[in-house]
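Remember, predicted model here, so these are calculated numbers, not experimental data. A, B, ... follow the sequence lines: proteins, then strands. Residue 1 opens every chain.
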Amino acid sequence: MRRRGMPGSARNSQQKVLLMGRCEAGKTSMRSIIFANYIARDTRRLGATIEVEQSNVRFLDNLVLNIWDCGGQDAFMETFFTTQADILFSHVQVLIFVFDVQSSDVQKDLEVFQSCIETGILKHSRDAKIYCLIHKMDLIPKAQRDELFQARKQELEHLSKPLQISCFATSIWDETLYNAWSTIMSLLIPNSLILKRNLKKFADHIDADEVLLFEKATFLVVAHHMRKQHSDPNRFEKISNIIKQFKLSCNKMQSNFTSIEIRNSSFAAYIELFTSNMYIMVVTSDPAVCSDAVKMNINTAKQFFKECV
Amino acid sequence: SSGINAEYGMGMRRSGKSSIKNVVFHKMPANETMFLESTTKLQKDDVSKNCFMDYVVYDFPGQVDSMTDSAIDYTNMFEGRCALIYVIDVLEDKGPAVEKLVSILSTLDRENKLDNGLDRRTAEQSKHSANVSVFVFIHKVDGLPDDQREEEQKRIETSIRDELNHAADITLNFKTWLTSVYEYSIFHALSDVNEKLIDHLLPTFEDLLHRLKITCCMDTTLLMDVSAKCYIAKDNDFTDHNKYEMCCDMLDLYTDIANIYSHQPYDDDSYSCVILHQVTAPEVMLTKYLRNNLILVCLLQESCLKERGIINQNIRKFSKGIGKVLQVQSEKPCS
């Protein structure tokens, strides 16, 4: 039975995402790594963003991100909250504000953020989801990171009242960047509930320990279902990061992988190209589950998932 | 693994010896090496727990005059077949580094230990003579633009040769490598050092690899060290360094995912298979863990996968062959 369109979801959903933060906070680097296939070292070459750089990124089949990467130099930011406020801040679905954790002027950072909330969001897009990324955490010694993050988080939550915000500690040098963006993206996908439900059915059917779905270009996790407990709650973003690095390495040789099988005596993992814009990863630890059977099941499921995304 | 196949890292202060050790053997990401503190005393690090070779890295503090400092015990060093890896920071003044290298080499030369490297596959050499192969790593080349690198390399080589001749009357065949922990070059360089250290086993390994390649219609076969990602041996026609780098990344992928889903990433059943689509025909990268931290990496066409039964059988035989070579090797008195 063919399903025509899912009730209540736009066939093609456009989401306006504002990426803001002061000069050199790391906004363009982040965007390049997640969406434009840069590796962390390449971001050294990026220059300052002039005014606003707009880019459209298609994510999965039915989501288009309209990303407004706003230059952080103070001169630009002045106009953003005055003459350009209307254009910039209307119809915003997501605001991502990036803070350099080692900023020389934390007070100014907070003032700019406050302006953003008061003259921008509150006036023009009250329903926007707000995410604050405390970035460049790799420059802080591990022992101090948590405390510093919690302190900043509290300050920001206070400044943005009555609006709700979510905060993340991030760095381009590890998986924390993937964690933040996976969370942001998965809340934007129009039919994520249906995706999750179908994934659960699939996982139960084939007796898998867990099943993950990744978006093909960014390798952000868009849905997952876990049937067996695992000790590491951060493994999803680690896997995103790991596979993305390998993908970039293959791209350097003008090639791309379509299938990966990894096994030892305790587990087997299968990563397969699933639909035109998703990869699937199936993990099993049951030695009775045969490798060819898993691959056949994945193949069969492809058709079904194609119709519901 | 057998014998003492040691690699000694020497060089001036902050030339990068510890970075190399940490990135290659301790899986430290390259960007964290900036935070490593200067080594202030002689550190012996037996990193061979997960390696095929018995690597012992001696990290000398750069500021000590290594060969004459009486506080350091040299009696057990430079015994058996080993390699001296001298690390020179390409961004610093080379004068003092070259001077120190020459003084170390003259001490070794006085004891007749320097391997002139003229013939790679000479028969076994006795324990006390001509057993030290010399390699110079011209390090931190990521800080040099591409077009300047070769020039620097030639310049440093000439300067070392001249100084050796002039100050110590030595002519020596040593090898230089341009390296950086931010690139694959360090792995290429260490692979070369490895091949030199096992050059008595190399013909046998290469022969076995070649036979496997031919019987299974594979494009390339490699033996790699699972932990250090250096290759120990390659089949005779292997020249594509880019493919080697992709194999390194494949091993990283395997290790990282296996570490998430199991306690011990490598065991007898460790296996991975990646199918790649590219401009030419689809290619497959197969890896199979053998023994003693050795992993077999094969590159073949996807169409060959049909014969998976035969491939598995041949790999099993190959593994047995490698096992026999290593067994014979470990039964020898000392080499």
Exercise for the section: Kindly compute the distance separating CZ (A:Phe246) from CG (B:Asp256), expressed to the nearest 0.5 Å. Expected result: 12.0 Å

Handout entry: Part of B:Met285 within contact of chain A (heavy atom distance under 4.5 Å)
Key = side chain

Completion exercise
Heavy-atom nearest pair, A:Cys250 first then B:Met246, reads CA-SD, 3.9 Å

Handout entry: Separation of A:Lys252 NZ from B:Asp249 CG (nearest 0.5 Å)
Key = 6.5 Å

Exercise for the section: Using heavy atoms and a sub-4.5 Å threshold, report which of residues 176-183 of chain A line up against chain B, by residue number. Expected result: none

Problem - Interatomic spacing from CD1 in A:Ile271 to CD1 in B:Ile275 - rounded to 0.5 Å - result: 12.5 Å

Practice task
Scan residues 258-269 of chain A for pairs that pass salt bridge (Lys or Arg N to Asp or Glu O under 4.0 Å), counting only residues two or more places apart or in two chains.
Solution key: A:Glu261-A:Arg263, A:Glu261-A:Lys295

Completion exercise
Expected contact set for residues 222-235 of chain A against chain B at heavy-atom separation under 4.5 Å reads A:His230, A:Arg235

Exercise for the section: Can you measure from CG (B:Leu276) to OG1 (A:Thr258) and round to the nearest 0.5 angstrom? Expected result: 7.5 Å

Can I get a per-line list of side-chain donor-acceptor pairs under 3.5 Å for residues 260-271 of chain B, giving both atom names and the distance, sequence neighbours left out?
| from | atom 1 | to | atom 2 | distance (Å) |
| --- | --- | --- | --- | --- |
| B:Tyr261 | OH | A:Glu210 | OE2 | 2.4 |
| B:Ser262 | OG | A:Asn264 | ND2 | 3.2 |
| B:Ser262 | OG | B:Ala258 | O | 2.6 |
| B:Tyr266 | OH | B:Thr255 | OG1 | 3.2 |
| B:Asp267 | OD1 | A:Ser265 | N | 3.4 |
| B:Asp267 | OD1 | B:Asp269 | N | 3.0 |
| B:Asp267 | OD1 | B:Ser270 | N | 3.4 |
| B:Asp267 | OD2 | A:Ser265 | N | 3.2 |
| B:Asp267 | OD2 | A:Ser265 | OG | 2.4 |
| B:Ser270 | OG | B:Tyr254 | OH | 2.9 |
| B:Ser270 | OG | B:Pro265 | O | 3.3 |
| B:Ser270 | OG | B:Asp267 | N | 2.9 |
| B:Ser270 | OG | B:Asp267 | O | 3.1 |

